[in-house]
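Reviewing the structure listed below.
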There are 6 protein chains.
Amino acid sequence: KLQYHIECQAGDIAPVVIVPGDQGRVEKIVAGLSDARKMAENRGLITYTGKYKGHPVSVTSTGMGGPSASIVYEELINIGAKVLIRIGSVAGLQDYVNEGDIVVPYGCVRDDGASNYYVPANFPAVPSPDVYSSLTASARERKRKIVTGINWTHSCFYKRDPEYFQSWSRRRVVSLEMEASALFVISYLRNVKAGFIGICYANRYRQSAGPKVDLSVKSPKRDVIENSVQEAIEITLTAIKKLYDGDLV
Amino acid sequence: KLQYHIECQAGDIAPVVIVPGDQGRVEKIVAGLSDARKMAENRGLITYTGKYKGHPVSVTSTGMGGPSASIVYEELINIGAKVLIRIGSVAGLQDYVNEGDIVVPYGCVRDDGASNYYVPANFPAVPSPDVYSSLTASARERKRKIVTGINWTHSCFYKRDPEYFQSWSRRRVVSLEMEASALFVISYLRNVKAGFIGICYANRYRQSAGPKVDLSVKSPKRDVIENSVQEAIEITLTAIKKLYDGDLV
Amino acid sequence: KLQYHIECQAGDIAPVVIVPGDQGRVEKIVAGLSDARKMAENRGLITYTGKYKGHPVSVTSTGMGGPSASIVYEELINIGAKVLIRIGSVAGLQDYVNEGDIVVPYGCVRDDGASNYYVPANFPAVPSPDVYSSLTASARERKRKIVTGINWTHSCFYKRDPEYFQSWSRRRVVSLEMEASALFVISYLRNVKAGFIGICYANRYRQSAGPKVDLSVKSPKRDVIENSVQEAIEITLTAIKKLYDGDLV
Amino acid sequence: KLQYHIECQAGDIAPVVIVPGDQGRVEKIVAGLSDARKMAENRGLITYTGKYKGHPVSVTSTGMGGPSASIVYEELINIGAKVLIRIGSVAGLQDYVNEGDIVVPYGCVRDDGASNYYVPANFPAVPSPDVYSSLTASARERKRKIVTGINWTHSCFYKRDPEYFQSWSRRRVVSLEMEASALFVISYLRNVKAGFIGICYANRYRQSAGPKVDLSVKSPKRDVIENSVQEAIEITLTAIKKLYDGDLV
Amino acid sequence: KLQYHIECQAGDIAPVVIVPGDQGRVEKIVAGLSDARKMAENRGLITYTGKYKGHPVSVTSTGMGGPSASIVYEELINIGAKVLIRIGSVAGLQDYVNEGDIVVPYGCVRDDGASNYYVPANFPAVPSPDVYSSLTASARERKRKIVTGINWTHSCFYKRDPEYFQSWSRRRVVSLEMEASALFVISYLRNVKAGFIGICYANRYRQSAGPKVDLSVKSPKRDVIENSVQEAIEITLTAIKKLYDGDLV
Amino acid sequence: KLQYHIECQAGDIAPVVIVPGDQGRVEKIVAGLSDARKMAENRGLITYTGKYKGHPVSVTSTGMGGPSASIVYEELINIGAKVLIRIGSVAGLQDYVNEGDIVVPYGCVRDDGASNYYVPANFPAVPSPDVYSSLTASARERKRKIVTGINWTHSCFYKRDPEYFQSWSRRRVVSLEMEASALFVISYLRNVKAGFIGICYANRYRQSAGPKVDLSVKSPKRDVIENSVQEAIEITLTAIKKLYDGDLV
C-alpha cells in the first residue's frame, strides 16, 4: 500500500535503507550506488533505490527530529525494510571529539520527542549488534579511527543553557544529534535491524563550557566535513555488503 | 547573521511569516502574494518573501514535528519575525469535525516533543489573542464557519492505540496535528505573536472508535481538502492585513 | 438537586456567575446588581442572585485554592451555570506590573493542585475567547489599560524560595494567583465559558529578586486596590452585558 | 506581626490550635471551651481563643483543600502555634468504615495539592506520635472504638472515576479527606506537632464499587454525624489536656 | 510451601521476625534468644528461630537494599510472619545525631528502589503504631534516649553529591539507611505490623557539609557501635515481649 | 583503601571480576580457576582471586537487587576493576525463551532501583561492545546457541500483576533479572567495561499469560539449570581470555 508521507509502496525499496536526515545528503549517498533511480519525493522525503556491488540498497531522507523521522522509519518498515542505517551529523560532547570525527554509538540517551510515546523512558535505545559491528569492522578495515560510546538524541537545537549540554558531558556521553534514538527504539519494537554513523560538525562541549552557550555552526560544506561524510558513506556501504554477505539482512 | 538551517538572514524575511509544515504547500501560499521571490532552500526548508495588498509577507516551510519546526521558528525570530502564523493539516477528534473543515484553536495540548525542553508541561500553549481574533474575524467576514477549541499537538503519527486518540476526544479536544504547540510556546517566550489555522484531512475520532485504530489517510489532493486549503490561505492573508491595518505587527 | 457545599439548587443561580475567592468581595460585587438576594451560605461559600441592566447575574465565593474552588465550579455547573467569571487578586511577576493594575490573562500555568486530577499537566488552561474578548473590549471602552499574557495559578502562598517566583518571571509570565487554572480546565471539560480578571496587590517579581523572598503584603484596603477592584467589577458587569447582548450566554 | 489571611498576631492564639476545615464546626468546638473569645474573621477563616480545664486552646477554620489550609497552618505557626490538631470529615474507603465512625490516621497518601511544592512526593505525611497517641489514648479512655490506618488526602471532590477511589481501597487505605497531609508535612518541616481526627460521613468504597461513582452525600446534620462530631471534639480536648499534662506542648 | 529465596516454609518461623540487613548481625541477635535453631541459609539469607522469655521469635537477614529485602519480607509473610522488626545501621542527617545513637523513626522518605513498584510515591512509609510505641516504651524503660523523626531510605550508597544528603537535612530528616521504607509499605499492604530501630554509624550531614562528600565509614566494630547494637537488640526483644503481653501479635 | 562492604583493597582483585548475584554460584565459578584464594567475606559479599589460563580473574558476589549490587560494583572499581561480567539467573519473557537457555543481552530496561539516582531514566543501560562480542563469539565457538535482545532489570520479584510482565513481552523484551542495568550504567559512568550472561530458570511470559501471575520457581538445582550454569561459566572464562588476548582489558 502506498505510504502517506514517503509515497512509496512495497517493491519500491530495498531491504536495506540508508536514512539520512538531510535531503542534501541523499545525492551524495546515491552517488555511491549503481543503477539508482528516484522512487518518490514528498514533503522533503526523497527516496532512491539502487545497488551496491550487486546488493539492493535504498536511501530515504527523514527530515529533522524524532517525530518526522519516526514517520519515515515506520513507513519504510511497513513496506519491507529490514535494516535501517542512519548517516547523520553530530556535535561532540567530549573535549576529544572534533570536527570531522566519525562517531558510531552503541546506545543513545532518549530525548528524541517521539520514542517516549512508544515505550517508557527507561527502555534502552540500542543499535542492532549486527549493524554496529559491521560498521565498526568496516571502519577498521578502512583504517579509519572512530569514536564510540553513548550518544544523546535531543530535540531542542536552540536550547540556550550550558547545563543542557554539560550535564551529559559529565556522564561521558560522546555526541548529540536529533534522530538516532527514535530509530533504535522503533526498529527494536518492529524487529528490524538498525545502526547509526555520525559525522562531527561542531564541539558543543567546548561551546557550552562558559556561562553562555555558543550555538553557532560553521558552514557544513567545509572540506573536513565533506571528506568525513564521504568516508562515512563508504564505511556504511561496505558494512551493508558485510551484512548481505553474512546473511544478516 | 545567516541562520544555519533556513539559510536566511536579517532582511530576507518580512515581519509576518506564514509557516506551513509541508513544502508542497509553500507554492500555494506564494500564489496569493505579489512580487514573491524565493530567498533560500535548505534541508526542505524553503523561504519566499512577497507582498499581500502592499504588506510584506514571507512563507517558510518547517518540516514535520516540533523539533524540526522549532528550529525554523527560532531562526525566523532571530532574524526579525514578529508574527508567525501556521497553516497546517489537522485530523478531527470530535465526531462533528469533518474533512475539509477549518479549525482555529485557542490552546493546545503539548505533546510536540520539543517545547517541554523550554518550559515544564504545565505551561499553556496559547496563540496570541491578536492573531486568533484576526483569523476568526477574517473567517467570519468571509462567511466561512470554523471549528474552534483546544487542539492536540502530538509527535507519534503511527501510534496504534485507540486510547491514544480517544482519551483526548473525551476531553472535548477538537483536532490534532504536530507543530502548533511548539509554535505557541516559543513565540510566547520570545515575545512574538503566533496563530494557527488548520484544514481537516481525516477524522481520528471515528477511526479510533473500534478496538483497532485505522491510521489510513485518503489522498491530500481531494477537492474538499484543496478547496479548504485555498480558503485557509485567504483567511490567513486577510487576517495579516487586519494585523497590519491595526498596527498589531 | 441541592448541591452539598454551596447549598444551592437549579433555579437559585443565573446562567452567568461571578466567582470571587474572597467572601469579603461578594458584597462589593452585589452592590453593582439590582434586586440581589442572598440564596445560601455554607462553609464560607456565599451565593447571591440579582440583575445587571436586566440580565440575571449571580455571585458565589469559592474560598482559596484550586481544590476548594473546583468544588464550587462543579456545583455551579451542576445546577445550570453557563458562564463563570472570576474576579480575584493577583501578584505581579514582571517589573512593570504594579499594585492596582488590572490583569486579564489568556492562559495559565497550572499549579492549582486540583486540575491535574482531571487532565494531564500538558492540557492548556485557557479562558473562553468570548469571555476574554468581552472583558478586554469592556476595559478598552472604559479606557482602562490592562495587562494581559500568561498567569501562573499556584498552590503554595508561603513558599520561601526566590526561584519559585523568578523561574516564571523569566518566562514572561505576568502574574500569579490561586484559582484561575482550575476554573479554565473544568469549564472547558464541562463545556461552559470562563474568564478571569485580576487586581494586582503586590509585586512578587521585585519581592523575590534578592536572596530571600519578601512575602509581606500591605493592607488590601488601600485606595489603589479598592479603586481597581471597583473598576474590575464594572468591567466585568459590562462584559457580561456584552455576552448577553451578543447571545453568547 | 499581623498575618495577612487569618488576621491574627502573636498573642492572639494559644500554643494548641484546633483546625477544622468547616467554619460551621468552629462554634461546636468553641462550645467545649471556657472564656472563649473571637479573635478574628477574614475570608471565612475564623479564630477563637479560650480554655479547656485551665489550658489555653484556640480554634481556627482553614477552608477546604490543601492550598487554603496550608496558608492557615503557616500563619498559625508564624505566630506561635506549637500543636495543630485537625477535626474534620472523612469518607470511608473500606467496607467496614461507616457513617459516624471516628478515624485517627497514622499516615496519609499525599494528593493535597500543596505539600508537593514543599517536598517531593516520597516524603511521608505522618502525625506527631505524641498527638496520635494522645488522641487514641483519649478515645480508649472514653471507650470509643476508632478506626486507624492510612488516610488519603485528595483534592478532587468531584472526580467521576470509580478507580480513583478503588485503587486506594485495594491498598487498605481507610478513609479520605482534603486537608490532613498538608498539615502533617508543614508541621514536620516547621517543627510543630500535628494530629488529625475525622468523622465519617459517607462510604466512598461502596459508592464507587459499580461502574459509575455515586458522589452524593446525605445531610451532614444527621444525628449519627452530629453525635460523632461531638465525641471527636471531646476526644480532642481530652487529648490536649494529656499533652499539656505530659509537658508535650 | 517452601519459599524460593529464604528456603523456609510455614512452621519454620515465629509470628515475630527480626529482620537485620547484615548477616553478621544475625548471631548477635540470636545470642539473646533461648533454644535458637538455624532453619535455613541461602544466598546470604539466614534464618534462626528461638524464644525470648517464652515467646517465639525468629531472625532472618535480608541483604542490602529494598529489592533484596522486599523478597525476604514477602516470603516471611507468605509463611506466617505477623510482626517484622528491622534492626539496622543508619547514618545521621542532623548535626545532633551521633555515632552510637539509637534511632526509632515514625516515617520514611521512600527511595528504597522497590516500594514504588507497589504503590505510587505519595503513599506514606509508616511503621505500625503498636510496634513503634513498644520500641519507644521499651527504650524509655531502659532509660535509653533515642532519636525519633523521619528517616530516609535510599538506594545509592556511593552517590557523590552533597545536595543528595543536604536536601533532606534541611527538611529535618534525622537519618538514612537502605531497607526500612520497603518494610513499612509491604507490611501495610499485606496487613502485618512493622517497626524499625537503627544504630548510627556515621554522620552524613557533617560529611556532606562541604563541596565534596566524604563517604568514608570507620570500622563497624568500634565499641560505641557494638554497645549500641547490643542495646538496640535488648530494646527490640523487650518490645517484642510487650507486643506478646498486650496481645498485639 | 579497604572498601567498607566487600572488605577488599587495591591488590586483592584482578582487573577482570566476575560478579554473580548469588553467593552459592561463587564456588562453581571458582572451580574453573586455578590458584584461587578467598580474599574476603562480609555481609554475604564473597571475593576470590585466581587465574584462568594464566590471566588473573576475580569473583565477587553482589547480593540481590540494584542497590546491593551497586555498592559492590562501585567498591570493585574503586580498587582497580576494569572489566565486570555478571553471570546471573534470568526469567524468560518471550514464549521461545526456555529453562536452561543462555541469554546475552545488548541493552536493559532500567528498573533496577539504583541507577536512576545516578542518571535520568532516559540514559541507556548497555554493555560494552567488547565484552558483549567476546561473550557471543565465545558462545559461537562452543556451538552454544544463545538468546540475545533487550533484558529487563527489575526490583520487585513478588509483583502480582500480569501486566507488569506482559507489557514488556509485548515490546519484545527477552528476559528479566535484578542487577544488570545498574552494572551497565555504573560501568559506563566510571569508564570500565561490563557485560552480562544469564541462565533462564523460568518463563514469566507464560506464567503471566492468564489473569493471575504464577510466581513459583522450580528448584534451581535441576540438571537443565546446572548444566547451563556450567556452560555460561565456561563461555565467560573463554570470553575473558579473548579480552586479555585482544588487549581489551
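Just so it is clear: chains get the letters A, B, ... in the order the sequence lines come, proteins before strands, and each one is counted from 1.
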With a 4.5 angstrom heavy-atom cut-off, which part of [X] approaches chain B: side chain, backbone, both or neither?
{"X": "A:R160", "result": "side chain"}
{"X": "A:L45", "result": "side chain"}
{"X": "A:D112", "result": "backbone"}
{"X": "A:K218", "result": "backbone"}
{"X": "A:E41", "result": "neither"}

- Message: Is there a side-chain contact between A:I6 and A:L76 in this structure, where contact means two heavy atoms from C-beta onward sitting under 4.5 Å apart?
- Response: yes
- Are A:E177 and A:H154 close enough that some pair of their side-chain heavy atoms sits under 4.5 Å apart? no
- Query: Which bit of B:Y73 is near chain A, if near means a heavy-atom gap under 4.5 Å: side chain, backbone, both or neither?
  - Reply: neither
- Item | Engaged part of B:N78 at the chain A interface, taking heavy atoms whose separation is under 4.5 Å | side chain
- Using a cut-off of under 4.5 Å on heavy-atom pairs, state which of A:S68, A:G65, A:A182, A:G24 scores highest against chain B. A:S68
- Query: In terms of heavy-atom pairs under 4.5 Å with chain B, which of A:I186, A:N42, A:L215, A:D111 leads?
  - Reply: A:D111
Is any side-chain N of the basic residue among [X] and [Y] closer than 4.0 Å to the acidic one's carboxylate O?
{"X": "B:R43", "Y": "B:E7", "value": "no"}
{"X": "B:K1", "Y": "B:E75", "value": "no"}
{"X": "B:R170", "Y": "B:E163", "value": "yes"}

- Task: Would you confirm whether the ring centroid of A:Y205 sits within less than 6.0 angstrom of the ring centroid of A:W168?
- Result: no
- Task: Would you indicate whether B:R37, at its atom CZ, is surrounded by more than 12 heavy atoms from other residues, nucleotides or ligands within a distance under 6.0 Å?
- Result: no
